[in-house]
Amino acid sequence: MAFARDLLTAVSDHSSIEWTDATWNPVRGCTKISPGCKHCYAETFSERFRGVPGHPFENGFDLRLVFSKLPEPLRWARARKIFVNSMSDLFHERVPDVYIEEVFRVMVEADWHVYQLLTKRADRLRRLTRQLSAGAVEHDHIWLGVSVEDRKYGLARIDELRRARAGKRFLSIEPLLEDLGEVDLRGIDWVIVGGESGPGARPMAEAWVARLRDQCRAAKVPFFFKQWGGVQKKKNGRRLRGVVYDEFPAAEVGVVPPRAHRTARLHVAEDRAKELEGRLGPAPLLEIRRAV
Ligand code: SF4
């Protein structure tokens, strides 16, 4: 689930995305699924490096598992908000269940961070989280979200999210492509809204955004207005009728463990990642972009 401002810092423990601190990408690459994907920045960025030997995006936007990245949050001692898979969609149909389960396991173990996991594959999010136990999924520091760009695709995702097992649920309404009308915010803990940016950006009307803000106010849901977007994103800024909306839900996180404990957990997670790589291997996924 890609965002333009993250391109310079993709795959890193720093991020310029307004609502997060870091990105964690144990999967790279994706395939388009709905109108919100039209100008996918992750694809544009990844394809720029296709064929560059040794580059993390040597295979462009082809879907692949990055086993070495699985334990990464356990290496970060400083607590932060982590956007999971800014350059992919964890719930893509070709990512194996066991791989997604391992991502959840790391999030549970490295519980001093907040995780923001966003998908457009809401049906799989719902199905898979219902298969897992509450202890594997339902934690206050693991926020599960869906992208919403329009009524046709987006509103159905919200219903799926409501039925998913989750500690916290959020919506990333970006790029907002039309007036969403009345949105059912029951069970939703956070709403982000933003317009599309970059060449060919589709317009977003102020009234659509204001209507969402008002619904969040009425439902007492924290509201984060990310950007107006447009071709000149910086110039357009992120004020809505003169106000910057930077609200987040409260979250209970764990205490950062002593270094020795953290290192021990990290080594166990590294061993699991190696074992998983032995079982799954990246090869079957390399050609997914052309095969689908
Ligand atoms: S789901 Fe997200 S990462 Fe995948 S193509 Fe669409 S915008 Fe890009």
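Index from 1, following the sequence. When a ligand or atom number is given, it counts from 1 through the structure's own listing order.
Less than 4.0 angstrom separates some heavy atom of Cys30 from each of these atoms of ligand 1: 1 (S), 3 (S), 4 (Fe), 5 (S). In summary, the atoms of ligand 1 found under 4.0 Å from a heavy atom of Thr31, numbered by their order in the structure, are 4 (Fe), 5 (S).
Comment: Glu149 engages Arg157 in a salt bridge, judged by a side-chain N to carboxylate O separation of less than 4.0 angstrom. A salt bridge does not link Arg279 to Glu102: none of the charged side-chain nitrogens sits closer than 4.0 Å to a carboxylate oxygen. Ion pairing between a basic and an acidic side chain is recognised when a charged N comes within 4.0 Å of a carboxylate O; Glu178 and Arg151 show such pairing.
For Lys120, the closest heavy-atom approach to ligand 1 falls below 4.0 Å. The shell of residues lying under 4.0 angstrom from ligand 1, judged by heavy atoms, includes Arg121.
The aromatic rings of Trp228 and Phe225 stand perpendicular to each other, their planes meeting at an angle above 60°, with 30° marking the opposite boundary.
Inclusion of Cys37 in the first shell of atom 6 (Fe) of ligand 1 is supported: an N, O or S atom falls under 2.8 Å.
Neither the backbone nor the side chain of Lys38 has any atom closer than 4.0 Å to an atom of ligand 1 (non-hydrogen atoms only).
Inter-residue side-chain proximity for Val148 and Ile158 is flagged as met; some heavy-atom pair is nearer than 4.5 Å.
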